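The structure under discussion appears below in the form of structure tokens.
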There are 2 protein chains.
Amino acid sequence: MSHTLGVRQAQKLKTRRALLDAALRLLEDQSLSSLGLREVTRLVGVAPAAFYRHFRDMSDLGVALVEESLGSLHAMVRVILAERDGDEERIEATVEAVAEHVSRYPAHIRFIARERHGGVRAVREAIAAELGRFADEVAEAFAPPLTADGWSAGDVRMLAQLYVDHMVMTATAFLEARPGDGSADPEAVREVAATARRQLLLISLGRRHWRTG
Amino acid sequence: MSHTLGVRQAQKLKTRRALLDAALRLLEDQSLSSLGLREVTRLVGVAPAAFYRHFRDMSDLGVALVEESLGSLHAMVRVILAERDGDEERIEATVEAVAEHVSRYPAHIRFIARERHGGVRAVREAIAAELGRFADEVAEAFAPPLTADGWSAGDVRMLAQLYVDHMVMTATAFLEARPGDGSADPEAVREVAATARRQLLLISLGRRHWRTG
DNA sequence: AAAGTCGGCGAACGGTTGTTTACTGAATGA
DNA sequence: TCATTCAGTAAACAACCGTTCGCCGACTTT
């Protein structure tokens, strides 16, 4: 019995989507704590009061955006971790995947980068929790071969954190490599990619020699 | 003839200081783009119009805060680079210096972390420029022994960037290890320090084996 | 077909915002 | 000493804000 979602609820989801999209667009040039409720409803073409049918306030909408933004990233990370090649090929795949993700969802990445340390507590905490889950997952994926080499759980965790933080760093670097209007400067993008690759290579070099040389 | 700064100009600098301090304090709980001019003048106890005697607008004040915040960090970085010990001792000194700096100027660090990707273009650019200068300086300090080992200028630069970004990362991690009220959770602080040390150790391990095995 | 649900509307509310204006009075310099 | 400079003031401005209210009318359930 798939219910195909009655006309009513479908419409509601539609304007909810529109609100989220409008907010995401406006957040490309400002931060969440300065984004007005009326600004969003105005862009959607809906009365200010309608906002309350979907979100309690702006920080509530912000938390929803966090889940959405990091959800897509989550899928990407899983795919990368499934790669079973050697270090260098894995690095290549990672950097390319991040680059593609940034150029596909720039507003999402910008939102995360901006609000990770932004002025809205609930949103900060949601982002921190989600990134922590990423680190757990990365740690879990890297653990088997490393623990066999005598790595402690703490060491694995710090490596995973380094990887996740570096991924966020790289993503925002890709973001800054594109001018405000949307199109990317190809040379700057290549340079960011080259730097990220070299840094990851250096890290994996350190990992191979960790407490063995 | 040192002029000891006439009474008039001294008073002006004093209220300018007060404006900057008030803004910095208010920015602990919100971001620059949502900070109101009147909020700041109200906290200082001065008429709103007085603000314009010192700054053109809020983003102007923000740029002034950037210079001030990263100025103190700059001095710290210079001191660390002067250390001439081995890797491990240098790492120890670095992490400790960052920790102390964060606990001495938490508001400055929070401001930088928050506005680095924040909603005010001029401030973002000022921070990026200053951090770029940091990376240059680090690169210059590390260059001699590395180029002797066959490192290219690009490789040195990417290592310096990794160090600077990691420093900022560590500083904000220290910041998050303290509850909102100001006092720090000693255990969380120790854990951040331990993670940072291990990550730097891993990086320096990678550096030693860079294109040599 | 009737009764009920509920997403969106329009208007109003008190409050806050950035900015301009003409002003005062103390520090300044001739 | 006297004219000038200028940091800070008080008041007014229109524009905007978040939030509440009752109401409508299309969908949904009985």
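Naming convention: chains lettered A, B, ... in sequence-line order (proteins, then strands); numbering from 1 in each chain. Worth saying up front: this structure is predicted, and the values here are computed from it rather than measured.
- Sorted by first and then second residue, the salt bridge (charged side-chain N to carboxylate O under 4.0 Å, His left out) pairs with a member in residues 154-178 of chain A read A/Arg116-A/Asp165, A/Asp136-A/Arg157, A/Asp155-A/Arg211, A/Asp155-B/Arg198; sequence neighbours excluded.
- B/Phe55 places its CZ atom 14 Å from the C1' atom of D/dA7, with the value rounded to the nearest Å.
- Note: CG (B/Leu37) to P (C/dT20) measures 11 Å, nearest angstrom.
- Between B/His54 atom NE2 and D/dA7 atom P there is a gap of 7 Å when expressed in whole angstrom units.
- Sorted by first and then second residue, the pairs that involve residues 123-132 of chain B and meet salt bridge (charged side-chain N to carboxylate O under 4.0 Å, His left out), not counting sequence neighbours, are B/Arg121-B/Glu125, B/Glu130-B/Arg133.
- We find that CG of B/Asp57 is positioned 10 Å from C1' of C/dG18, with the value rounded to whole Å.
- For D/dT19, one of the phosphate oxygens OP1 or OP2 lies less than 4.0 angstrom from a side-chain nitrogen or oxygen of A/Tyr52.
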Anything under 3.5 Å between a donor and an acceptor, one on a side chain of residues 24-32 of chain A, the other on a protein residue two or more places apart or in another chain? List them.
unit_1	atom_1	unit_2	atom_2	d
A/Gln30	OE1	A/Ser34	OG	3.3
A/Gln30	NE2	A/Glu39	OE2	2.9
A/Ser31	OG	B/Ser33	OG	2.5

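- The ring-ring contact (aromatic ring centres under 6.0 Å, His included) check on B/Phe134 picks up B/His74, with sequence neighbours excluded.
- Identified under the salt bridge (charged side-chain N to carboxylate O under 4.0 Å, His left out) test for residues 59-74 of chain B, with sequence neighbours left out: B/Arg17-B/Glu68.
- Which of D/dC17, D/dT28, C/dA27 sits closest to the side chain of B/Val7 comes down to C/dA27.
- With sequence neighbours left out, A/Ser204 forms a side-chain contact (heavy atoms from CB on, under 4.5 Å) with A/Asp87, A/Ile91, A/Tyr163, A/Leu201, A/Arg207, A/Arg208.
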Considering only nitrogen or oxygen atoms on both sides, find all protein atoms under 3.5 Å from nucleotides 9-16 of chain C and state each distance.
unit_1	atom_1	unit_2	atom_2	d
C/dC9	OP2	A/Ala47	N	2.7

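- Judged as a side-chain hydrogen bond (donor to acceptor under 3.5 Å, both in side chains), and not counting sequence neighbours, the contacts of A/Arg104 are A/Glu100.
- Scanning both residues, A/Arg90 and A/Leu81, for their nearest heavy atoms gives NH1-O, 4.0 Å.
- Once rounded to the nearest 0.5 Å, the distance linking CZ of B/Arg38 with CG of B/Leu43 reads 15.0 Å.
- DNA chain D lies under 4.0 Å from at least one heavy atom of each of the following residues of residues 9-30 of chain B: B/Lys12, B/Thr15.
- If you take CD of A/Glu39 and P of D/dT19, they are 15 Å apart, rounded to a whole angstrom.
- For B/Thr94, there are no side-chain hydrogen bond (donor to acceptor under 3.5 Å, both in side chains) partners two or more places apart in sequence or in a different chain.
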The dot-bracket string of DNA chain D, counting Watson-Crick and G-U wobble pairs with both distances under 3.5 Å, using [ ] for crossing pairs and | for pairs to another strand, is ||||||||||||.||||.||||||||||||
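- Atom C1' of nucleotide C/dT19 and atom CZ of B/Phe51 are separated by 12 Å, given to the nearest angstrom.
- Going from atom CZ of B/Arg56 over to atom C1' of C/dG18 covers 16 Å, rounded to whole Å.
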Return a table of donor-acceptor pairs under 3.5 angstrom between the side chains of residues 189-196 of chain B and protein atoms on other chains or two or more places apart.
unit_1	atom_1	unit_2	atom_2	d
B/Thr195	OG1	B/Glu191	O	3.1

